[in-house]
Amino acid sequence: SEAKSGRTDLIFLIRFRHCCLLRNQRCLLAYLYDRLLRIRALRWEYGSVLPNTIQFHMSAEEVEWFNRYKKSLATYMRSVGGEEGLDLTQDIKPPKSLYIEVRCLRDHGEFEIDDGTTILLKKNSQHFLPRWKCEQLIRQGILEHVLS
């Protein structure tokens, strides 16, 4: 109101303050967008269930956004690829072979593959499994790909 009444020396301060506010707003939006991209990458890296250590550092709104993104991605994957859908998160890198040798890093319990065979995943046991069945467990840190 004082600037409108004729004090022109305040106009520069008002403009400077406004520019600072706009800059701070841009910085905050860039930070939030980067955080959103990282949360989206977590879905592709860890799958549909996040470890508690990561979820602990997320706000309630971020967890809600992750869950909505997870549902949206699941709906899309069911809509493509026929009756069963297509798991886009299955092969992050193109496989060199269909079967790989894996070592179990911790006790996980029974694991069933497509032919009905049940394998007991115990710590330090090694198995020769289909890549697409165990890639999710590799990303979760339960299995480790043994390179020859």
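These figures come from a predicted structure and were not determined experimentally.
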Worksheet entry | Atom of Y99, atom of P130 and distance for their closest heavy-atom approach |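 Looking at all heavy atoms of both residues, the closest pair is CD2-N, 3.4 Å.
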Practice prompt. Check for a donor-acceptor pair, side chain of N67 on one end and backbone N or O of V63 on the other, with a separation under 3.5 Å.
Written response: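 Present.
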Practice prompt. Give a yes or no on whether the backbone of W44 and the side-chain of R139 come within a donor-acceptor separation of less than 3.5 Å.
Written response: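 Yes; judged by distance alone, with no hydrogens or angles, the pair exists.
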Do the non-hydrogen side-chain atoms of [X] and [Y] ever get within less than 4.5 Å of each other?
X    : Y    : result
W65  : R40  : yes
R23  : C27  : yes
E112 : K133 : no

Item to complete: Could you walk me through whether H145 and E101 pass the side-chain contact (heavy atoms from CB on, under 4.5 Å) test, one step at a time?
Response: CA-CA 6 Å; H145 184 190; E101 189 174 356; 5.6 Å; no
Worksheet entry | By side chain to side chain contact (heavy atoms under 4.5 Å, CB included) - contacts of S125 (at least two apart) |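 Expected list: C104, K122, H127.
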Could you tell me the separation between the [atom1] atom of [X] and the [atom2] atom of [Y], rounded to the nearest 0.5 Å?
X   : Y   : atom1 : atom2 : result
R38 : E45 : CZ    : CD    : 11.5 Å
L13 : H18 : CG    : NE2   : 14.5 Å
F56 : L50 : CZ    : CG    : 14.5 Å
C19 : R15 : SG    : CZ    : 9.0 Å

Item to complete: In sequence, state the C-alpha distance, the side-chain angles, and the governing distance for S59 and E62, and then conclude on side-chain contact (heavy atoms from CB on, under 4.5 Å).
Response: CA-CA 5 Å; S59 69; E62 290 172 336; 3.3 Å; yes
Fill in: Over 12 non-hydrogen atoms of neighbours within 6.0 angstrom of CG in N24
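Yes - once you tally the heavy atoms of other residues, nucleotides and ligands closer than 6.0 Å, there are more than 12.
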If the condition is side chain to side chain donor-acceptor pair (under 3.5 Å), which residues does [X] pass it with, not counting sequence neighbours?
X    : value
T117 : D115
E64  : R68
H108 : none
R103 : E144

Fill in: side-chain contact (heavy atoms from CB on, under 4.5 Å) evaluation trace for R35 with Y31
CA-CA 6 Å; R35 198 146 163 102; Y31 170 76; 3.6 Å; yes
Taking a hydrophobic cluster as the set of Ile, Leu, Val, Met, Phe, Trp and Tyr residues connected by side-chain heavy atoms closer than 4.5 Å, whether directly or through intermediates, do [X] and [Y] fall within one such cluster?
X    : Y    : answer
L73  : L36  : yes
M77  : L42  : yes
Y69  : V80  : yes
L120 : V146 : no

Worksheet item: side-chain contact (heavy atoms from CB on, under 4.5 Å) between S72 and Y76: does it pass, once the steps are laid out?
Response: CA-CA 6 Å; S72 175; Y76 176 73; 5.8 Å; no
Worksheet item: Which hydrophobic side chains are connected to I113, either touching it within the sub-4.5 Å cutoff or through other members that do?
Response: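 Its cluster mates, by chain and number, are I100, V102, F111, I119, L121, L129, L137, I138, I142, L143.
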Worksheet entry | L28, L21, L29 screened by side chain to side chain contact (heavy atoms under 4.5 Å, CB included) with Q25, the one that passes |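 With Q25 as partner, side chain to side chain contact (heavy atoms under 4.5 Å, CB included) holds for just one option, L29.
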